[in-house]
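Encoded as structure tokens, the structure appears first; notes follow it.
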Amino acid sequence: MKVTLSALDTCETSFTPLVVIELAQNVKEETKEWLKNRIIAKKKDGGAQLLMRPLLNKYEKETLVNQNLYLIGASSIRLLLGAEALGLVKECNDNTMRAFTYGTRQNFKDFDDNNDDFLTMAECQFIVKHELENLRARDEKMIPGYPQAKLYPGKSLLRRLLTSGIVIQVFPLHDNEALKKLEDTWYTRFTVKYQPIDSIRSYFGETIALYFGFLEYFTCALIPMAIIGLPYYLFAWEDYDKYVIFASFNLVWSTVILEVWKRGCACMTYRWGTLVMKRKFEEPRPGFHGVLGINPVTGREEPLYSSYKRQMRIYLVSLPFVCLCLYFSLYVMMIYFDMEAWVLALHKDSESEWTSLLLYVPSIIYAIVIEIMNHLYRYAAEFLTAWENHRLESAYQNHLILKVLVFNFLNCFASLFYIAFVLRDMKLLRQSLATLLITSQIINQVVESLLPYWLQKKHGVQVKKKLQALKADIDATLYEQVVLEKEMVTYLGTFDDYLELFLQFGYVSLFSCVYPLAAAFAVLNNFTEVNSDALKMCRVFKRPFSEPSASIGVWQLAFETMSVISVVTNCALIGMSPQVNSVFPDSKVDLILIVIAIEHALLALKFVLAFAIPDKPRHIQMKLARLEFESLEALKQQNGQ
């Protein structure tokens, strides 16, 4: 028998704050009361059936002004029923992974009615977020106290409150004790060790854990490339025919590591339950707008927007804008080459140590300009993609990633392709690649981690001074934690982190036969990247809501596409080398045909390897097949009744 919320008492005397809601300072009392009633009301009455209390009581609010902060929690039973509604997958006593149900809770490993640790805090916060987002308007036509904030049946109340500016933000709280334990095993001790991926997943969720798992795996996979590339750098710099072996190894390596990652990812996500988690119907994204109508799939009233209008916006505005940005990027690149020519001429006229150092200045300036252009374009791409008015978050993310990847690829690699295939200056190519790679790594470390960490520490000191000056009779620890965390930078997802790894993969794989030392620099950067990224997740950014994931998504395709492009570039570079050209002194056509044949053969080898290496290990395939069989049998029995 299915257990429902209305049949259970989900009220508890103990209150564990999980999520914080910050309201605008001038929110009317009737709005606050209405919101509170909707949050604590029973599900059958259209509520979320959660627990809610203000951070400060009436007396404390008079002492500490401007604090419209509310804590959201939930009873243990409410969280368990929420886990069932979301279809969270847990390990059973027979070691199989199954969707959790409250009625069969005793069949799940480590479950105990007196144990609150069955669900991780990240899962509890994800459940609370889901329930808040699923608070929907019933017969209200507007938000009480705000006639301009219109509502219609089925509209998400939280999204309307956010877009109307009534709710400033909703964020999950850190668990300071669990965070300290995680930090001790993760990054506080600078030793070479594997990351506690399962602990990261328990605290931050699967999406964050998969990123750190991929970062660790990618760094380990780079070590063989770094070790093999070092002798080439030291002993055979100009002997290009020896690079054929290195380039061939690189091409096989780039395919194998991506295929092996898919297998490791499947093992991890099966263990976490997300590999077998059923996909939920995707709701419209918060920024989606249109004319009210009936969704033909759900039958619910929601905004509808013509796909024809969206396509017009994409092809008549977004596409020309992206092309204009690409042209501007190429124009800046040509300015860089003019600077290179000027510095080189200056060095030839008066060779000195000063002019020798000056040779690196144009590349350093260009690398900084590239980073600035990438960031500015990112804002423009986000604005354009939001303006295109995509209904689903997945569609929005896919269009944004495509825009950003195309621009970043051209912006970061166009100069290298120009040097390699137009100027054919291998010395300048090595110099430019090394400068771009190292400069971008330094900038990313400073901008992403060190600067935000310093600003956050400075803000923390200011908050503590204010708290000591007030000497108010309050729960100072909780108050200080909430005030500190609400001012932290919001973590916008793993997009920028994967983008950084994607560009790094390009620097390593595209021109490996010219600069084999790139892998060594990437390894050194990633060892510090693991610690700096861990630091920013724990101490710089607000704790993000957990998001279940079964893979790294579209980034897997992006990396695979880059590995295919690397086959073409490396084959072309080897075909251009003086040693290979000396074999065909008279007929360049034969050389071109042979290079194309080798390139096609290597591409064929890549696709054969990709096909030969299964995406999921055999034991995972068997477990998934078993679960599918049991689901079909259960469905047959249900229909037979």
message: For the OH atom on Y327, are there more than 12 heavy atoms of other groups (residues, nucleotides or ligands in this structure) within a distance under 6.0 Å?
response: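 Open.
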
field: Heavy-atom neighbours of W387 CH2 exceed 12 at 6.0 Å
entry: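 Yes, because the 6.0 Å sphere around CH2 of W387 holds more than 12 heavy atoms from other groups.
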
[X] and [Y]: which non-hydrogen atoms are nearest, and at how many Å?
X: S432; Y: Y336; value: OG-OH, 2.9 Å
X: V508; Y: L222; value: CG1-CD2, 3.9 Å
X: K403; Y: E388; value: NZ-OE2, 2.8 Å
X: N570; Y: L510; value: ND2-O, 3.3 Å
X: C325; Y: F407; value: O-CE1, 3.5 Å
X: F502; Y: A558; value: CE1-O, 3.3 Å

Is there side-chain contact between [X] and [Y], with heavy atoms separated by less than 4.5 Å?
X: S563; Y: L258; answer: yes
X: I257; Y: M225; answer: no
X: T269; Y: E206; answer: no
X: H399; Y: R310; answer: no
X: F328; Y: M373; answer: yes
X: M334; Y: Y331; answer: no
X: L605; Y: T255; answer: no
X: K606; Y: E259; answer: no

query: Pick one: which of F495, W261, F505, Y211 meets ring-ring contact (aromatic ring centres under 6.0 Å, His included) with W555?
result: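 Between W555 and the candidates, ring-ring contact (aromatic ring centres under 6.0 Å, His included) is satisfied uniquely by F495.
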
query: Under the criterion ring-ring contact (aromatic ring centres under 6.0 Å, His included), which of Y498, Y217, F214 is the partner of F559?
result: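 Of Y498, Y217, F214, ring-ring contact (aromatic ring centres under 6.0 Å, His included) with F559 is met by F214 alone.
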
Counting only N and O atoms by type, is there a donor-acceptor contact under 3.5 Å from the side chain of [X] to the main-chain atoms of [Y]?
X: Q195; Y: F212; value: yes
X: R263; Y: P614; value: yes
X: T274; Y: S549; value: yes
X: T569; Y: S566; value: yes
X: S551; Y: G553; value: yes
X: T439; Y: L436; value: no
X: N526; Y: L215; value: no
X: T561; Y: L557; value: yes
X: K616; Y: Q621; value: no
X: N525; Y: F521; value: no

Atom [atom1] in [X], atom [atom2] in [Y]: separation rounded to 0.5 Å?
X: L330; Y: N411; atom1: CG; atom2: CG; answer: 9.0 Å
X: R539; Y: E183; atom1: CZ; atom2: CD; answer: 4.0 Å
X: M537; Y: T494; atom1: CE; atom2: OG1; answer: 9.5 Å
X: S440; Y: Y507; atom1: OG; atom2: OH; answer: 5.0 Å
X: L344; Y: L428; atom1: CG; atom2: CG; answer: 8.5 Å
X: M562; Y: L405; atom1: CE; atom2: CG; answer: 8.5 Å

task: Test S318 against R313 for side-chain contact (heavy atoms from CB on, under 4.5 Å), laying out the working first.
output: CA-CA 6 Å; S318 296; R313 289 186 173 191; 5.6 Å; no

message: Just to verify, which of V404, L410, L402, N408 counts as forming a side-chain contact (heavy atoms from CB on, under 4.5 Å) with V406?
response: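 Going through V404, L410, L402, N408 one by one, the side-chain contact (heavy atoms from CB on, under 4.5 Å) with V406 is satisfied by L402 alone.
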
Sole candidate of D198, L182, I208 that passes side-chain contact (heavy atoms from CB on, under 4.5 Å) when paired with Y203: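 One option only clears the test, and that one is L182.
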
query: When you check the side-chain N and O atoms of Q504 and E500, is any donor under 3.5 Å from an acceptor?
result: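 The criterion, which ignores hydrogens and geometry beyond distance, is not satisfied for E500 and Q504.
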
field: Residues H390, I314; criterion side-chain contact (heavy atoms from CB on, under 4.5 Å); working and verdict
entry: CA-CA 11 Å; H390 297 279; I314 291 172; 4.0 Å; yes

message: The test is salt bridge (Lys or Arg N to Asp or Glu O under 4.0 Å); show your working for E485 and K542 and say whether it passes.
response: CA-CA 6 Å; E485 290 185 26; K542 288 187 187 78; over 6 Å; no

message: Please evaluate residues L179 and R543 with respect to the criterion side-chain contact (heavy atoms from CB on, under 4.5 Å), reporting the C-alpha separation (whole Å), side-chain torsions for both, the decisive distance (0.1 Å), and the verdict.
response: CA-CA 10 Å; L179 183 62; R543 184 179 187 175; over 6 Å; no

May I have the list of side-chain donor-acceptor pairs in residues 590-604 shorter than 3.5 Å, sequence neighbours left out?
unit_1, atom_1, unit_2, atom_2, d
D590, OD2, S587, OG, 3.2
H600, ND1, I596, O, 2.9

- request: Please confirm whether F413 and F409 have ring centers closer than 6.0 angstrom.
  value: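 Close enough - the centres of the two rings lie under 6.0 Å apart.
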
